[in-house]
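Heavy-atom basis, side chains included; hydrogens, waters and symmetry copies ignored. Letters A, B, ... are given to chains in the order of the sequence lines, protein chains preceding strands, and every chain is numbered from 1.
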Number of protein chains: 2
Amino acid sequence: MSQHRHGSTSGEAGGVPAFPDLPEATIARLPEYLRALHHLAEAGAETVSSEGLAAAAGVNSAKLRKDLSHLGSYGTRGVGYDIALLVDQVEYILGLDKNRAVCVVGVGNLGHALAGYAGFASRGFRVVALFDADRKKVGEVINGMAVRHIDDLARVAAEETLAIGVIATPPTSAQAVADLLVAVGVTSILNFAPCVLSVPPNVDVRKVDLAIELQILSFHEHRKASLTALPGGRHDDQEAVGS
Amino acid sequence: MSQHRHGSTSGEAGGVPAFPDLPEATIARLPEYLRALHHLAEAGAETVSSEGLAAAAGVNSAKLRKDLSHLGSYGTRGVGYDIALLVDQVEYILGLDKNRAVCVVGVGNLGHALAGYAGFASRGFRVVALFDADRKKVGEVINGMAVRHIDDLARVAAEETLAIGVIATPPTSAQAVADLLVAVGVTSILNFAPCVLSVPPNVDVRKVDLAIELQILSFHEHRKASLTALPGGRHDDQEAVGS
DNA sequence: AGGCGCTTGTGAAGGCGTGCACAAATCGCG
DNA sequence: CGCGATTTGTGCACGCCTTCACAAGCGCCT
């Protein structure tokens with residue numbers, strides 16, 4: 001079993017953080033646990049059982065215990081998990097104590113919303129710059145931030161390390177923007193454009209396609225409709241729509 | 001194919017086979033394939049090989065072939081897949097020929113963007129109504145559509161069958177909105193609020209949490225940083241688990 | 001017609017993730 | 001101090017998904 005970090009709080013500069021290689025599925029759930037933990041903490045709870053936290057996060061309790069066990073033993077048998085401790089630990093693992101700088105490229109409908117999205121700031125991210133290729137949009141102020149031309153990207157990146165780039169451009173521009181981001185040192189990209197990006201292997205890309213989500217729902221609608229049309233339609237399955 | 005069910009001949013509209021039960025992972029990729037197919041079709045291609053389509057969709061070719069094989073044999077060995085035929089087939093499977101009506105609840109930053117998102121209309125979805133609980137927003141016109149009060153939801157649902165409801169409210173209101181949507185017969189929900197919704201088993205919920213995506217990227221940033229921080233030496237991810 | 005090259009469709013193997021069931025550990029109380 | 005109630009941590013089995021590798025099928029060229 002992996003050991004606790006004895007180096008006390010944060011500060012990985014000195015000791016090797018003994019980074020556990022967590023299963024990808026677990027990583028994807030950690031933010032959900034974190035949100036539930038914050039919610040519980042605000043409600044005044046000190047500890048929480050795996051059952052309780054699992055319910056708040058919408059998962060199975062065994063799965064939650066196994067997930068948390070991957071990052072060490074932070075629970076007490078017979079009692080549960082210390083909420084404050086677990087929050088710190090999960091935030092550390094996710095690197096949320098770094099207050100990472102985010103830039104948004106493409107100030108259309110979606111980029112506009114992202115620039116003002118409160119959910120980012122409240123979770124340890126700072127939107128520090130907005131870019132667009134359209135000079136008519138340059139200078140426009142959104143959420144107290146002026147839109148800059150994409151040509152200024154390198155200049156901004158030189159001033160402050162951009163941890164994450166968000167692409168909210170039309171798909172035709174997305175690859176070019178990705179290339180630009182990579183060129184200035186961004187190694188994590190969140191892509192809202194419906195297209196495949198090709199990037200160097202050390203760069204992580206996550207894609208969010210709103211239309212795809214609707215299409216998946218549409219499929220299930222279609223399936224449900226054709227099942228109820230069939231004689232003896234069974235509908236005992238319960239869906240656990242995941243990632 | 002060997003998996004065809006010839007048992008029930010209760011044909012639906014026109015010789016369509018009984019609904020194949022596709023793996024969930026396959027369903028999630030079908031929209032991606034569809035997008036790539038449309039792209040290829042616009043470029044003038046008639047057919048495409050699994051290799052080519054896989055590259056355009058950003059997946060492995062073997063996976064693509066297995067996915068497509070689940071919905072029947074629509075390829076020709078030695079040639080590839082007929083693009084037009086495959087487009088029709090995938091669109092049918094996904095139920096995109098139904099031109100489903102979508103409503104958006106919550107006209108904040110994000111809801112505003114969703115109301116105007118062109119990607120919906122271009123893929124067989126019609127945003128037919130916008131709702132908000134804030135009477136100051138009611139009447140505001142977005143993308144040629146007036147925002148209505150949430151109390152009008154039942155009235156709108158009576159006029160037109162709402163296939164999908166999109167929740168873009170603060171998390172505190174999300175459950176109440178979900179209950180309302182379910183009450184008027186909506187059986188598919190796309191939830192942008194960072195919270196867990198509880199709904200009847202026949203209702204599908206998909207969740208999109210933009211902050212979670214950033215947090216997952218943040219984790220990988222953190223991991224990459226701590227790996228490169230290690231002096232090129234030891235890099236054993238093996239845990240010294242005795243016994 | 002026959003052979004050759006190309007591509008699909010699929011059996012099989014391996015890996016990953018999930019959920020069960022239970023041992024180990026901790027607290028509270030008599 | 002010991003015992004029972006409670007809850008974590010985990011070994012194990014199962015099922016889904018991915019990937020490989022290859023036989024089967026198709027078109028084209030000679």
Quiz prompt | Interatomic distance where NE2 belongs to A:His70 and C1' belongs to C:dC16 [whole Å] | solution = 11 Å
Exercise. Find out whether A:Val166 and A:Phe192 are in side-chain contact, i.e. whether some heavy atom of one side chain is under 4.5 Å from a heavy atom of the other.
Key: yes
Self-check item: Counterpart residues, side chain to side chain donor-acceptor pair (under 3.5 Å), relative to A:Thr169 (two or more places apart)
Solution: none
Quiz item: In whole angstrom, what separates B:Ile27's CD1 from D:dC16's P?
Solution: 13 Å
Quiz item: Quick one: is A:Tyr81 getting a side-chain N or O under 4.0 Å of the C:dT26 phosphate, OP1 or OP2?
Solution: no
Quiz prompt | By side chain to side chain donor-acceptor pair (under 3.5 Å) - contacts of A:Thr187 (at least two apart) | solution = B:Glu221
Self-check item: Between P of D:dT8 and CG of A:Leu64, the distance in whole Å
Solution: 9 Å
Quiz item: Reckon A:Ser73 has a side-chain N or O less than 4.0 Å from the OP1 or OP2 of D:dG9?
Solution: yes
Self-check item: Whether A:His222 side chain and B:Tyr92 backbone form a donor-acceptor pair below 3.5 Å
Solution: yes
Self-check item: A:Ser50 vs D:dT8: side-chain N/O to OP1/OP2 distance below 4.0 Å
Solution: yes
Self-check item: Gap between atom CG of A:Asp82 and atom CD of A:Gln89 - 0.5 Å precision
Solution: 11.5 Å
Quiz item: Between A:His38 and A:Arg35, does any side-chain donor sit less than 3.5 Å from a side-chain acceptor?
Solution: no
Quiz item: Over how many whole Å does the gap from A:Leu71 atom CG to D:dT8 atom P extend?
Solution: 14 Å
Quiz item: Which letter, B, S or -, goes with each nucleotide of nucleotides 17-24 of chain C from 5' to 3', with contact meaning a protein heavy atom under 4.0 Å?
Solution: SSBBB-BB
Quiz item: For the pair made of CG in A:Asp82 and P in D:dT8, what is the distance, rounded to whole Å?
Solution: 13 Å
